[in-house]
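Only this structure's heavy atoms are used, side chains among them; waters, hydrogens and symmetry mates stay out. Residue numbering restarts at 1 for every chain, and letters A, B, ... go by the order of the sequence lines.
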Amino acid sequence: MTDRLAAPRGTRDLLPDEGPAWSRLERIAAGLSERYAFERIDTPLFEPVELFARGLGESSDAVEKEMFRVSGARGSDEERAEWALRPEPTAGIVRAYLEHGLQVRPGPLRLWMIGPMFRYDRPQAGRYRQFSQWDVEVIGDPGPMVDAEVIELAGRFYAEVGLRNVVAHLNSIGDAACRPGYRAALVGYFGARLEHLTDDSRRRLAVNPLRVLDDKLLEPELAAGAPRAVDHLCDRCRAHFRAVCELLDRQGIAYAIDHRLVRGLDYYTRTTFEFFVAGREGQQQALGGGGRYDGLVELLGGSPTPAIGVGIGLDRTLLALADQGDTSLTTRSALLALLGREGTSLGARLAAASWLRDAGLAVRADGSERRLGRQIDSAARIGARWAVILPDDSAGEVGERTVVVLRDLVAGEQQELRLADVPAAVSGTAQQPPRAVPGV
RNA sequence: GUGGCCUUAGCUCAAUCGGCAGAGCAUCGGAUUGUGGCUCCGAAGGUUACGGGUUCGAGACCCGUAGGCCACCCCA
């Protein structure tokens, strides 16, 4: 319990009991990424501060107060280097896109990534300084279909992991042509009602008026009367937004237009969206979100290139699943314990285990000299579904034809058969449910 | 950055008025010349978060720090 050797504040250890759920989540994300024809990319966990400052915007919370800075070795030229752990994936991906000339690849580039993000926040339920995100980005596709496609992809992920009550919020915040007019309308509206705004919002009104709508302390009637982004869209943005909505309708994907959804990062244009889970008691209900960022590539030094992306918070997905009592994510493949008698050499045990593993089984071999009863006891308690009991060495060299005892640790029945017949005998069986351990 | 609650064994918690730091669960071993999770016996496990103060004596009272949980802002 000493605090000297504890995980840093806001970080967590993923303990063995949580491993299967995380693996399953990552497998689903990777599988969907491939089915939607995304290609994997991985970028560094830290980048120059300037990349995030320019990309996300100086006035974004992520840059203004949540940047997790890192430096080089003491005494090195880089000691004071301006690096930061990535708070989000998009800026780094766009940087890599430009650095490696990926724009010459044919067609819109479809990329996916999974990994940790870092924000220097005060931790609380569902919010950590290091959290994990699955992210997809499409660079170079201006059309509305891809907007609908990534929203569908995120929705399909939640469905596939078994999460219910997920709702999508949708908005369009315009582009370089119509945003200035909308900003002016907001400045006019809120500027005439300054006495109703928080200090924070007054500051935002000067720097980034859209984010006044983000203010959770904004009086509801004031928010309801505020100019709506969709009423200020230029013709092209309005047509794009309408097309996205129609495509979602046609796919039967439910969403709610949310006029206050402007997102916390400055690079978004046109389509923005977030996913929430209903019924969660705590306040951290945002499961994921994203939007179109048609100006970011140019902002970071490339030629004008439309793009869109979505980030899915895996920690919060798991929390939401736990909230709804879901345990299906924790199932494991059936474990087989390989046991020996007193006269069974370690060599025979290892050889048999190796043979069974080659056959695709998950095998835990017992190398102890304990009594057989104790080995069975132990195998059952670590959750093994099956036990294979080897004969002692007087039966000769262990091989496929060696006759072993296969014991079903759930049913308590056993049979004798050749080692070669074990894989077929246990195929298709489920792992036994883990024994409830109080307090773990 | 702000606020509330909290911190005793791996986990959940006791410890009367300030008087020998304990239990249950979990772990390991034994009872068991060889087939079970039960039972019984035993072992191991502690800087009572850390630092200071009051006191003959502090897990308990006081001060400070750190950490945890939750909430605000914002977000995943």
Side-chain angles (χ1 to χ4, degrees), chain A residues 1-12 15 17 56 59-66 86-89 115-135 154 198-201 203-204 211 213-218 261-265 274-277 280-290 310-320 337 339-344 368-384 387-389 391-392 405-414 432 434-440:
Chain A
M1 252 327 198
T2 165
D3 53 349
R4 213 177 310 162
L5 290 176
R9 173 168 234 186
T11 69
R12 310 176 291 156
L15 301 178
D17 287 346
L56 318 191
S59 67
S60 65
D61 281 5
V63 169
E64 203 170 54
K65 56 182 199 180
E66 296 168 4
R86 62 185 184 195
E88 58 85 61
M117 306 295 156
F118 304 85
R119 292 183 200 174
Y120 197 82
D121 260 354
R122 278 288 287 272
Q124 67 184 76
R127 178 162 63 208
Y128 310 103
R129 288 184 174 176
Q130 175 179 336
F131 58 97
S132 196
Q133 196 167 305
W134 169 49
D135 181 74
T198 60
D199 291 347
D200 211 26
S201 276
R203 197 175 45 80
R204 285 174 176 174
R211 297 210 54 231
L213 294 169
D214 245 355
D215 192 339
K216 301 297 187 290
L217 302 176
L218 196 62
L261 180 58
V262 297
R263 303 283 292 158
L265 308 179
E274 271 178 36
F275 296 89
F276 299 91
V277 61
R280 183 162 158 65
E281 276 310 309
Q283 298 307 300
Q284 307 308 326
Q285 299 181 336
L287 294 177
V310 58
I312 305 284
L314 300 183
D315 308 76
R316 286 188 184 176
T317 299
L318 279 173
L319 270 181
L339 315 179
R341 299 166 194 280
E342 199 172 311
T344 310
S368 76
E369 305 291 334
R370 296 179 293 180
R371 289 197 329 272
L372 186 57
R374 195 152 279 280
Q375 290 183 55
I376 291 175
D377 185 29
S378 173
R381 288 196 299 156
I382 62 169
V388 166
I389 303 162
D392 61 41
V405 172
L406 175 66
R407 184 169 180 85
D408 185 331
L409 294 174
V410 172
E413 295 161 353
Q414 64 185 37
Q432 69 161 289
R435 195 165 54 126
V437 180
V440 173

- Task: Using the side-chain contact (heavy atoms from CB on, under 4.5 Å) rule, take Ser368(A) and Arg374(A) through it: C-alpha gap first, then chi angles, then the decisive distance, then the call.
- Result: CA-CA 10 Å; Ser368(A) 76; Arg374(A) 195 152 279 280; over 6 Å; no
- Task: Would you indicate what Asp408(A) reaches in the nucleic acid, counting non-hydrogen atoms under 4.0 angstrom: base, sugar-phosphate, or nothing?
- Result: base
- Query: Salt bridge check: are Arg211(A) and Asp61(A) linked by an N-O gap of less than 4.0 Å?
  - Reply: yes
- Message: Rounded to whole Å, how long is the line connecting atom CG of Leu318(A) with atom P of A76(B)?
- Response: 17 Å
- Query: Does A23(B) have a Watson-Crick or wobble partner in any strand here, with both distances under 3.5 angstrom, and which is it?
  - Reply: U12(B)
- Message: For A31(B), give the paired nucleotide (Watson-Crick: N1-N3 plus N6-O4 or O6-N4; G-U: N1-O2 and O6-N3; both under 3.5 Å), or none.
- Response: U39(B)
- Query: If only side-chain N and O atoms of Gln124(A) are considered, is one of them under 4.0 Å from the OP1 or OP2 phosphate oxygen of A71(B)?
  - Reply: yes
- Report the distance from atom CZ of Phe276(A) to atom CG of Leu261(A), rounding to the nearest 0.5 Å. 6.5 Å
- Message: In whole Å, I'd like the distance from the CZ atom of Arg129(A) to the C1' atom of C74(B).
- Response: 14 Å
- Message: Rounded to whole Å, please give me the gap between CD in Gln375(A) and C1' in C28(B).
- Response: 16 Å
- Query: Among the nucleotides C74(B), G29(B), A76(B), which one has an atom lying closest to any side-chain atom of Arg370(A)?
  - Reply: G29(B)
- Pick the nucleotide of RNA chain B nearest each of Thr11(A) and Ile312(A); which residue has the one closer to the 5' end? Thr11(A)
- Query: With rounding to whole Å, what would you report as the distance between A49(B) and U12(B) at their P atoms?
  - Reply: 14 Å
- Message: Classify Gly10(A) by what it touches in the nucleic acid, base, sugar-phosphate, or nothing, heavy-atom distance under 4.0 Å.
- Response: sugar-phosphate
- Note on the structure: CG (Leu213(A)) and CZ (Arg263(A)) are apart, to the nearest 0.5 Å, by 14.5 Å
- Query: Atom CD of Glu66(A) and atom P of G1(B): how far apart are they, to the nearest Å?
  - Reply: 12 Å
- Message: When you measure from the side-chain N and O atoms of Arg381(A) to the phosphate of C28(B), is any distance below 4.0 Å, counting only OP1 and OP2?
- Response: yes
- Query: Between A44(B) and G36(B), how far is it from one C1' atom to the other, in whole Å?
  - Reply: 25 Å
- Applying a 3.5 Å limit to both distances, which nucleotide forms a Watson-Crick or G-U wobble pair with A71(B)? U2(B)
- Item | Interatomic distance, Glu413(A) CD vs G36(B) C1' [rounded to whole Å] | 14 Å
- Rounded distance [0.5 Å steps], CG in Asp214(A) versus NZ in Lys216(A): 5.0 Å
- For atom P, what is the distance between G24(B) and C61(B), given to the nearest Å? 27 Å
- For A43(B) versus G4(B), give the span between their P atoms, rounded off to a whole number of Å. 47 Å
- Nucleotide A76(B), atom C1' - distance to CZ of Arg263(A) in whole Å: 9 Å
- Message: What is the distance, to the nearest angstrom, from the CZ atom on Arg12(A) to the C1' atom on A76(B)?
- Response: 12 Å
- Message: Counting only side-chain nitrogens and oxygens, does Lys216(A) get under 4.0 Å of the OP1 or OP2 atom of C75(B)?
- Response: yes
- Message: Under 4.0 Å, counting only non-hydrogen atoms across every strand here, what does Asp377(A) touch: a base, just sugar-phosphate, or nothing?
- Response: sugar-phosphate
- From OG1 (Thr344(A)) to CD1 (Ile389(A)), nearest 0.5 Å: 10.0 Å
- Query: Expressed as a whole number of Å, how far does the C1' atom of U7(B) sit from that of G59(B)?
  - Reply: 12 Å
- Integer angstrom distance from the P of A15(B) to that of G37(B): 35 Å
Can you list, pair by pair, the side-chain donor-acceptor contacts under 3.5 Å of residues 405-413 of chain A, counting residues two or more places apart and other chains?
unit_1, atom_1, unit_2, atom_2, d
Arg407(A), NH1, Gln414(A), OE1, 2.7
Asp408(A), OD1, Arg385(A), NE, 3.3
Asp408(A), OD1, Val410(A), N, 2.8
Asp408(A), OD1, Ala411(A), N, 3.1
Asp408(A), OD2, Arg385(A), NH2, 3.0

- Item | Among G68(B), C72(B), A76(B), the nucleotide that comes nearest once only the side chain of Leu217(A) is considered | C72(B)
- Scanning all shown strands, the Watson-Crick or wobble mate of A44(B) with both distances under 3.5 Å is none
- Message: Could you measure the distance from the CG atom of Leu314(A) to the CD atom of Gln133(A)? Nearest 0.5 Å is fine.
- Response: 8.0 Å
- Message: Could you tell me the Watson-Crick or G-U partner of C61(B), where both distances fall under 3.5 Å? Say none if there is no partner.
- Response: G53(B)
- Are Asp315(A) and Arg12(A) ion-paired here, with the side-chain N under 4.0 Å from a carboxylate O? yes
- Message: Which is more 5' along RNA chain B, the nucleotide nearest Ala7(A) or the one nearest Gln133(A)? Just name the residue.
- Response: Ala7(A)
- Hey, does Asp200(A) reach any base, or is it just sugar-phosphate, or nothing, if we go heavy atoms under 4.0 Å? sugar-phosphate
- According to a strict under-4.0 Å criterion, is Arg211(A) in side-chain N/O contact with OP1 or OP2 of C74(B)? no
- Determine the interatomic distance between P on G53(B) and the same-named atom on A58(B); round to the nearest Å. 12 Å
- Note on the structure: Here the gap from Asp200(A) atom CG to Leu218(A) atom CG, rounded to the nearest 0.5 Å, amounts to 11.5 Å
- Item | Between P of U65(B) and CZ of Arg9(A), the distance in whole Å | 13 Å
- Query: Between Arg129(A) and Phe118(A), is NZ or CZ placed under 6.0 angstrom from the six-membered ring centre and within 45° of the ring axis?
  - Reply: no
- Classify the nucleic acid contact of Leu314(A) as base, sugar-phosphate or nothing, counting any heavy atom under 4.0 Å across all strands shown. nothing
- Message: Could you check whether any side-chain N or O of Arg371(A) sits under 3.5 Å from a backbone N or O of Glu342(A), counting only pairs where one atom can act as donor and the other as acceptor?
- Response: no
Tabulated below should be each protein N or O lying under 3.5 Å from an N or O of nucleotides 2-4 of chain B; please produce it.
unit_1, atom_1, unit_2, atom_2, d
U2(B), O4, Arg122(A), NH1, 3.0
G3(B), O6, Arg122(A), NH2, 2.9

N/O to N/O distances under 3.5 Å, protein versus nucleotides 32-35 of chain B:
unit_1, atom_1, unit_2, atom_2, d
U32(B), O2', Arg371(A), NE, 2.9
U32(B), O2', Arg371(A), NH1, 2.4
U32(B), O2', Arg371(A), NH2, 2.5
U32(B), O2, Arg371(A), NH2, 2.8
G34(B), N7, Glu342(A), OE1, 2.8
G34(B), O6, Glu342(A), OE1, 3.0
U35(B), O2, Arg407(A), NE, 3.4
U35(B), O2, Arg407(A), NH1, 3.1
U35(B), O2, Gln414(A), OE1, 3.0
U35(B), N3, Gln414(A), OE1, 3.1
U35(B), N3, Gln414(A), NE2, 3.2

- Message: Measuring only the P atom in each nucleotide, how far is A60(B) from G18(B)? A whole number of Å is fine.
- Response: 11 Å
